[in-house]
Amino acid sequence: MDQILSLAATNLLSPIILSFALGVAAALARSDLNIPEAVAKGMSIYLLFAIGFKGGVSVADHGIDAKLASSLLAGIFLSAVLPLIAFALLQVMSNLSRLDAAAVAAHYGSISIVTFVAATSVLESGGIVAEGYMVAVAAAMEAPAILSALWLISRGGADARHMDPDLMREIMLNGSIVLLVGSFAIGWITGAEGLARIESFIVSPFQGVLCLFLLDMGLVAGRGLRGGSAVLKPGVLAFGVVMPLVGASLGLVTGMLLGLSVGGVALFMVLSASASYIAVPAAMRVALPEANPSIYLTLSLGVTFPFNLTLGIPIYVSVASALAGG
Amino acid sequence: MDQILSLAATNLLSPIILSFALGVAAALARSDLNIPEAVAKGMSIYLLFAIGFKGGVSVADHGIDAKLASSLLAGIFLSAVLPLIAFALLQVMSNLSRLDAAAVAAHYGSISIVTFVAATSVLESGGIVAEGYMVAVAAAMEAPAILSALWLISRGGADARHMDPDLMREIMLNGSIVLLVGSFAIGWITGAEGLARIESFIVSPFQGVLCLFLLDMGLVAGRGLRGGSAVLKPGVLAFGVVMPLVGASLGLVTGMLLGLSVGGVALFMVLSASASYIAVPAAMRVALPEANPSIYLTLSLGVTFPFNLTLGIPIYVSVASALAGG
Amino acid sequence: MDQILSLAATNLLSPIILSFALGVAAALARSDLNIPEAVAKGMSIYLLFAIGFKGGVSVADHGIDAKLASSLLAGIFLSAVLPLIAFALLQVMSNLSRLDAAAVAAHYGSISIVTFVAATSVLESGGIVAEGYMVAVAAAMEAPAILSALWLISRGGADARHMDPDLMREIMLNGSIVLLVGSFAIGWITGAEGLARIESFIVSPFQGVLCLFLLDMGLVAGRGLRGGSAVLKPGVLAFGVVMPLVGASLGLVTGMLLGLSVGGVALFMVLSASASYIAVPAAMRVALPEANPSIYLTLSLGVTFPFNLTLGIPIYVSVASALAGG
Amino acid sequence: MQTHQAKRVAIIIEQVMQKRLTDVMTEAGVTGWTVLPVLGGSGRSGAWSREGQVSRAGSMVQVVCVIRPERLDTLLDAAFRVVDRHIGIVSISDCEVLRAERF
Amino acid sequence: MQTHQAKRVAIIIEQVMQKRLTDVMTEAGVTGWTVLPVLGGSGRSGAWSREGQVSRAGSMVQVVCVIRPERLDTLLDAAFRVVDRHIGIVSISDCEVLRAERF
Amino acid sequence: MQTHQAKRVAIIIEQVMQKRLTDVMTEAGVTGWTVLPVLGGSGRSGAWSREGQVSRAGSMVQVVCVIRPERLDTLLDAAFRVVDRHIGIVSISDCEVLRAERF
Ligand SMILES: Nc1ncnc2c1ncn2[C@@H]1O[C@H](COP(=O)(O)O)[C@@H](O)[C@H]1O
Ligand SMILES: Nc1ncnc2c1ncn2[C@@H]1O[C@H](COP(=O)(O)O)[C@@H](O)[C@H]1O
Ligand SMILES: Nc1ncnc2c1ncn2[C@@H]1O[C@H](COP(=O)(O)O)[C@@H](O)[C@H]1O
Ligand code: NA
Ligand code: NA
Ligand code: NA
């Protein structure tokens, strides 16, 4: 418990969290501070490229691990199963319609790559190593949740737009999956030598870019809260904090069954606990246009993301250290 | 005098000034060279964040200074008083209408953060340290000038749109104030440890980003001069060079009365001498829509900014060294 | 031959080429991965500024070379002559109309600065130095080809929009020429001292930015191939690979006659072999609006650029080393 | 396909005034509009372009509003109050819309 | 100058639906259109703006299509199939065009 | 509210031709216009989108001009000279404007 608290304190007072807080505060105070869309997109491409590349290099360094395949499969399985749990929870905790509940559930099965990035940076500053292929697991967990959620709807007889091939391709080849997997492959192929060539681009400035990116995330989350908080009833709000803990627990069990390192277990928890706010919302607009975007965006970005960033990550890392660190 | 000349020469031949000159030349020659708006905005966010953060870290390092509060108050006072002086000067030197004169005056009470940033970089390369909280003083000096100018107008009986609460909030919480103060606070809270984490982002590439940013400023200033120089009568033009010197003198006196270091005095001079071209023009469009933007933008950006950047800063630093360096 | 193969292999497995390949693959698979226009433009400004500046510093370091003037003249001559050769080749190899052939020819006389940048990075990693003023030669070779191509058309009696003064200015002062020449001058003036101030901005992250930029180029080239490959008949396609080899041979002869270093000869080959896809297409849209942009853009960007990037550069560097490396 | 008569009002206005305009429209009961970016232009107060802007002071946007004909005057009155002292233009044209229940 | 009667259809639609809309239009034989960016807006489903978007999920675009009057119904039928379940508006106005051979 | 008849001319044209178009318009005495960005489109010369552009060669813009009806022909003649050999479309519609003294 002490470790959790001290880790949480260190985390809360780090430049990246404070930058996020600054963004939220500026948005709530209705400042006109804003980061141009193109710049924010550019930073997210940088972060994805860097995290993927470094993951690939780490795999090249440590050789391929027998657990890679099983971790990927476990990730896909978790991503597919978490929406069912989330849906059930929502039925109990809230009075959202089936449609809205399924849309929300899809988000919690999928993952937030920025939460993942923030967690790796906490691990790094704590000197905890993690399997490099966790970025591949992250990529694998993006999409299955969407299929689960659509299945939930079609089972309920609602007239969901059927998963057309275009949508399927959009989901599987969405930009962040392709960039993550692609840069992972490049890092793997070029290894330490490749890293040496671009290290001063993707390693040294990484934390700083993450600060500015989280500033933007804070602005967006804050604006979302200002406009969308009205739609979040207490039950839904509570779900936004309970569900990450449920997800993290499942991630913990999975990571330990797979026999991952402390860092790997912590990242599995983070992935399971985090909720998508890029790929899944876009898919939902196409497949379930009648579901209310305010609900799932505000919940995922305004509640769960800040929770994970501030309290969740320290908790997951501490628990992983305590239980898997044996 | 010798020192001024040598400092001016070093300054004029530095990459940042030459980049600015390149921009002006390209714009005057009507090249299509241009930096996308989003990229320029992204660079200015980077510069504000970096300068604020470093200021905060420096305060964390040197402990809080009894002069912080008095410097802030002095800055607010100067920002409020300078427009009155500028207005009087304009009445004498030019035949601008009351409205245009008041709008111009508002710009000279407020500050240009890029001029401030360029000055810190001259101080740094000269090994002169300054109080870290001068960035907070810069933030404090952005807004009061606007209120003074509006008071000038309402006193004259003109039907200025009354300062509505929305405009007040826009002025006080404009993006650059919030970012400067926010990153200053983050730097202060996280201190040297925080700096260590993002140093290779906010310190090492700083000068280079400043070059590209000034290239863009040069392009904008050059385009402004091409289109707007017609509106600038000799008297107004002369004001654009005289007023910074008047402002700098007041800044000198204030800085010395406050007992600031050489660097601090120089920065006070720079702040007082510089003219706004972001926050104030936006406020003027809302509050004094009938004032002619060509006049105040061309004067502030096309005349005073280049003057300060090339000759002003070396003069202010030399004078501060000579008088306050005792 | 062995050297070519090993150099080609190293080159093909470098992060920059793999990033390009990732972009092409993502585009062909119709992923929605994309880099915002403003960010891509920002990166290209960074690359031009950095390459120009470093060239200037290198000239400042090594003193001015008697060959500078003759190299510039030779470059202008090559740029003017290559379109005539390209046009003749196209008449033989393809059945493009005179108009389309002239438009394509203009592209091959001019140059691709990114190919040049990629080549300097291959030279650097092989420890081969080149004359710093080659960036000035690159700038000089951008425009003459356009005039040659327009002359070809007017000679054929077609009613080409006559080269009006506006177009002339647009061509000579296009953004990339101005930025390249301007930053070259800044580097020359400020020399090693100037470089020291912005080194951690323009040197260290260079390779990394180039990766992301080539990722974008890959995306664009891939999208172009998807849409435009239909217009490329086999003869035209073959031209896209043959012409760079012809150009490179002329560049080789010229470079050796000038007595340049191995690196200089290699870069002369690269410039002659590469085809424009920024300045020339824009000029063609104004001067020859009836020429089909799909043909010249797909050929230059979808065929010749990837060819040079992957196989061409290693070939040119090896040949230059073998013949000029005496 | 069934369509309904409507009016399309396009207001080109300075970006700093955008929120003030839409606030006034909301007060007047107009709840649907779309904001489009503007790159540059020319008018009585001279030419401008986004490229030449270091601040948002000079930028403009276009606010487009499709409304039932009978509500036009309310909208114009509201818009006029904001546009009055500012540069910019207001144009109105006839159009037809699908799904009239949405307006 | 010789002009020809035509119809101008403006469809404001979510960006994720853009390609689906233009695909359907192409199927219906409509081959000319232009896509304009949208910064923000307000409607029955509330207000939104590009600034507040971390994903492209909420972004919208405007697809403008100028066609011969006799082809209007084909276009509207096609567009309606895509727009039907989605937010957005479709407006139609009269216009004239130069160079009718291009349509 | 008092409105006045006017014509709204919308010209979609390649970005490289924008300045040439507005120069010709200025020569013809037209001093008011607005330039809007365009993201992509499709026409006889195929589909294009800003995403697929590495150069500005393929980009387009929309120039919108509101003028008094009696000046329409002057404008169209001027515009036609520039647009003639280039891709792009010119459409004209009726509209009404507030503050006619501005045109
Ligand atoms: N006749 C017009 N047609 C289209 N846009 C116009 C017209 N007049 C003015 N504008 C736009 O409104 C802005 C301000 O116009 P003005 O108030 O006349 O300076 C211009 O920069 C244009 O963007
Ligand atoms: N009456 C209207 N006029 C112009 N744009 C509208 C109107 N109604 C809706 N829109 C646009 O369509 C989007 C979705 O509208 P809605 O489906 O009503 O939520 C809004 O965000 C606006 O951009
Ligand atoms: N019928 C149309 N409606 C709207 N925009 C069009 C139409 N036809 C062409 N355009 C626009 O004009 C550009 C060039 O058209 P085109 O000259 O037909 O290739 C296209 O890419 C579209 O942006
Ligand atoms: Na999850
Ligand atoms: Na000042
Ligand atoms: Na060439």
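Lettering of chains follows the sequences in order, A, B, ..., and the numbering in each one begins at 1.
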Can you tell me how the ring of C:Tyr46 sits relative to the ring of C:Phe201, calling it parallel under 30°, perpendicular over 60° and tilted otherwise? perpendicular

Sort B:Leu212 into side chain, backbone, both or neither according to what part of it lies under 4.5 angstrom from a heavy atom of chain C. side chain

Identify which part of B:Val209 has an atom lying under 4.5 Å from any heavy atom of chain C, answering side chain, backbone, both or neither. both

Okay, C:Ser204 and chain B: the region with an atom under 4.5 Å from a heavy atom over there is neither

Counting only N and O atoms by type, is there a donor-acceptor contact under 3.5 Å from the side chain of C:Glu142 to the main-chain atoms of C:Ile111? no

For the CZ atom of C:Phe305 and the CG atom of C:Leu214, what is their distance to the nearest 0.5 Å? 5.0 Å

From the list B:Leu18, B:Leu215, B:Leu210, the residue making the most non-hydrogen contacts under 4.5 Å with chain C is B:Leu18

Rounded at 0.5 Å granularity, tell me how far CG in B:Leu301 sits from CE in B:Met217. 5.0 Å

What part of B:Ser19 gets within 4.5 angstrom of chain C, counting heavy atoms only: side chain, backbone, both, or neither? both

Euclidean distance, C:Arg169 CZ relative to B:Ser31 OG, rounded to 0.5 Å: 9.0 Å

Of the listed residues (C:Leu173, C:Val181, C:Ile189), which shares the most heavy-atom pairs with chain B below a 4.5 Å separation? C:Leu173

